[in-house]
Amino acid sequence: MTIAARSAPTTTSFVPGFAGLACAACGTPAPAGPRFVCDRCFGPLEATYDHARAGESLSRETIAARPRTLWRFAELLPIDEPPPDGLAVGFSPLLPAPRLAARLGLRQLWLKDDSRNPTLSFKDRNVAIAAARARRFGFETLACASTGNLAASVAATAAVSGMKAVVLVPADLEPAKIAQAEALGARVARIDGPYDVVNRLCLELSDEFEGWAVVNVNLRPYYSEGSKSVAFEVAEQLGWRAPDAVVAPIASGSLYTKLRRGFDELAAVGLIETPNTRHIGGQPAGCGPVATAFGTGSDTIRPVARPDTIVRSLAIGSPADGQRSLALARGSGGSVEAVEDADTIAAIRLLAETEGILTETAGGVTLGALRLAITRGVVGRDDEVVVVITGNGLKTLDVIVDGTSGDVIEPSLDAFATWALKEGVS
Ligand SMILES: *Cc1c(COP(=O)(O)O)cnc(C)c1O
Ligand SMILES: [Zn+2]
C-alpha cells in the first residue's frame with residue numbers, strides 16, 4: 001500500500017446522517033452554522049444525527065469499499081455535502097502488541113497508532129472536519145488555541161484548504177511543536193499564560209475577528225466529532241465489535257468521551273452489538289482534575305490553575321468535557337488514572353523497547369494509565385484492550401533524550417571497542 005498525501009474523494013453515494021445541532025443541556029435544536037452555545041440556556045451545542053437515514057447507506061460492505069480515511073464513516077460525521085478532498089487523515093493501523101502485552105500480563109492488546117496522521121497526531125481528525133465546515137460557512141482563516149498538536153494540524157489543514165492559519169499557544173510550549181506549526185506556514189502567537197488563559201483569549205477574539213473559524217471555539221461542535229472516527233475504525237479493524245476496554249488520554253475530555261459516542265452510534269446504525277466497553281482515561285498527576293475527582297469519589301471537578309507536568313498536550317486545568325468524562329468512567333466501569341511524570345517517561349520507554357513505537361508524553365500517560373488500571377483490577381488478564389496512541393515522540397523528544405550529549409569517539413577500532421565495553425554492547 002502506498003501512502004497518499006491527499007485523500008481520494010469518496011466515490012460511493014453519500015446520504016448525510018447529520019441532522020443539525022442541538023443543546024446538550026436542554027435539547028433545543030439549532031441550525032447548522034458556526035455556533036457553539038445554546039441561545040436559550042448557554043449550554044454547549046452538539047451534532048445530532050438521523051441514525052435510520054445514516055444506516056441506509058452504511059453497510060459493512062459499502063464501508064469496506066471506501067478510501068482508507070476518516071471519511072469512510074461520513075454519514076456519521078457532521079457534514080451535509082460529500083466529503084472534501086484534503087489531507088489523508090485517519091484509518092491509522094490497529095497494531096497487535098504481543099511483547100508489550102506480555103510485559104503487562106495481558107493476553108490481547110492492541111495499539112491504535114494515531115501518531116501516524118499527516119501532522120503526527122490524532123488532532124488531524126478534528127481539524128479535517130472543522131476545516132470542511134469552515135470552508136462551507138465561508139471563513140478564510142483557520143485559528144485555534146492549542147496545547148501543541150492542534151497548532152500543526154491547523155497549519156497543515158489550512159494550507160491544503162487554501163486558508164490562512166493563526167494559532168495561539170502557551171509561550172512555554174515544546175519548541176518542536178511551535179516549529180512544526182511555523183514551518184507549515186501558520187502565524188504563531190505565543191501567549192504569556194497557561195492553556196486556559198490562551199483558550200479564554202480565543203473565545204474573546206472569535207467574536208471580534210469575524211472571518212476567523214476558531215476550530216475549538218466557534219466550530220467546536222464539528223471539531224469534537226472528529227474524535228469519534230477513532231472508535232469507528234477500531235470497531236471495524238477488530239472485525240466489527242468494540243473491545244472490552246479502551247484506554248485514552250484526557251485533556252479537554254473530548255476524545256475520551258467521543259470514543260464511547262462512536263461505539264454507541266455504530267450500535268445505533270446496526271453495525272456492532274451494544275458496546276460493553278470500560279473506558280480508562282489517563283491524566284498527568286500534575287494536571288489531573290478529572291483523575292482527582294474520580295479518585296476521591298467527588299462530583300466536583302476542581303480546576304487546576306497552574307498545571308505542573310512535562311505533558312504539555314494534556315495540560316488543560318479546566319476541561320470542557322470533564323463532567324462527562326467522570327460520568328463515563330463511572331458509568332462504564334472504567335477509571336481515570338493520574339500518572340506521575342516519571343511513570344510517563346518509563347511508559348514511553350517501555351513502548352519503545354517492546355513495540356518499536358516512539359510516542360509523545362501523552363502516549364506515556366495513556367500507557368501509564370493502563371498499568372495503573374491493571375494494578376487496581378479495573379483491567380484483567382483476559383480483557384481485550386485497545387490503547388489509543390495519540391501523538392508522535394519526535395514532538396517531545398527532549399524529555400527522553402538529548403541527542404547531542406553522547407561521547408564523540410575517535411575513529412579507531414580501539415577507541416570504539418572501549419566505548420562498546422563501557423556501553424555494555426560488546
Ligand atoms: C489534544 C490531545 C489529546 C486529548 O485531547 P482532548 O481535548 O481530551 O480530546 C490527547 N493526546 C494528544 C497528543 C493531544 O494532542
Ligand atoms: Zn440549551
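Positions are given from 1 along the sequence. Order of appearance sets the numbers: ligands from 1, and atoms from 1 within every ligand.
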Between S153 and D124, do the side chains contain an N or O donor and an N or O acceptor separated by less than 3.5 Å? yes
Can you produce the list of protein nitrogen or oxygen atoms under 3.5 Å from a nitrogen or oxygen of ligand 1, alongside each distance?
unit_1: ligand 1; atom_1: 7 (O); unit_2: S252; atom_2: N; d: 2.9
unit_1: ligand 1; atom_1: 7 (O); unit_2: S252; atom_2: OG; d: 2.5
unit_1: ligand 1; atom_1: 8 (O); unit_2: A251; atom_2: N; d: 2.8
unit_1: ligand 1; atom_1: 8 (O); unit_2: S252; atom_2: N; d: 3.1
unit_1: ligand 1; atom_1: 8 (O); unit_2: G253; atom_2: N; d: 2.9
unit_1: ligand 1; atom_1: 9 (O); unit_2: L255; atom_2: N; d: 2.8
unit_1: ligand 1; atom_1: 11 (N); unit_2: T390; atom_2: OG1; d: 2.7
unit_1: ligand 1; atom_1: 15 (O); unit_2: K123; atom_2: NZ; d: 2.8
unit_1: ligand 1; atom_1: 15 (O); unit_2: N149; atom_2: ND2; d: 2.8

Any donor-acceptor N or O pair under 3.5 Å, side chains R187, T141: no
Sequence neighbours excluded, which residues qualify as side chain to side chain donor-acceptor pair (under 3.5 Å) partners of R40? T28
Only one of K395, K177, K123 passes salt bridge (charged side-chain N to carboxylate O under 4.0 Å, His left out) with E360; say which it is. K177
Should we count CG of D80 as having more than 12 external heavy atoms under 6.0 Å? yes
R133 charged N/C atom sitting above Y222 aromatic ring, 6.0 Å / 45°: yes
With distance as the sole test, does N218 use its side chain to make a donor-acceptor pair with the main-chain N or O of A213 at under 3.5 Å? no
Can you name the residues that form a side chain to side chain donor-acceptor pair (under 3.5 Å) with E140, not counting sequence neighbours? none
Can you list the protein N, O or S atoms less than 2.8 Å from the Zn ion (ligand 2)? C23 SG, C26 SG, C38 SG, C41 SG
Tested for side chain to side chain donor-acceptor pair (under 3.5 Å) against R312, the lone hit among D172, T147, N149 is D172
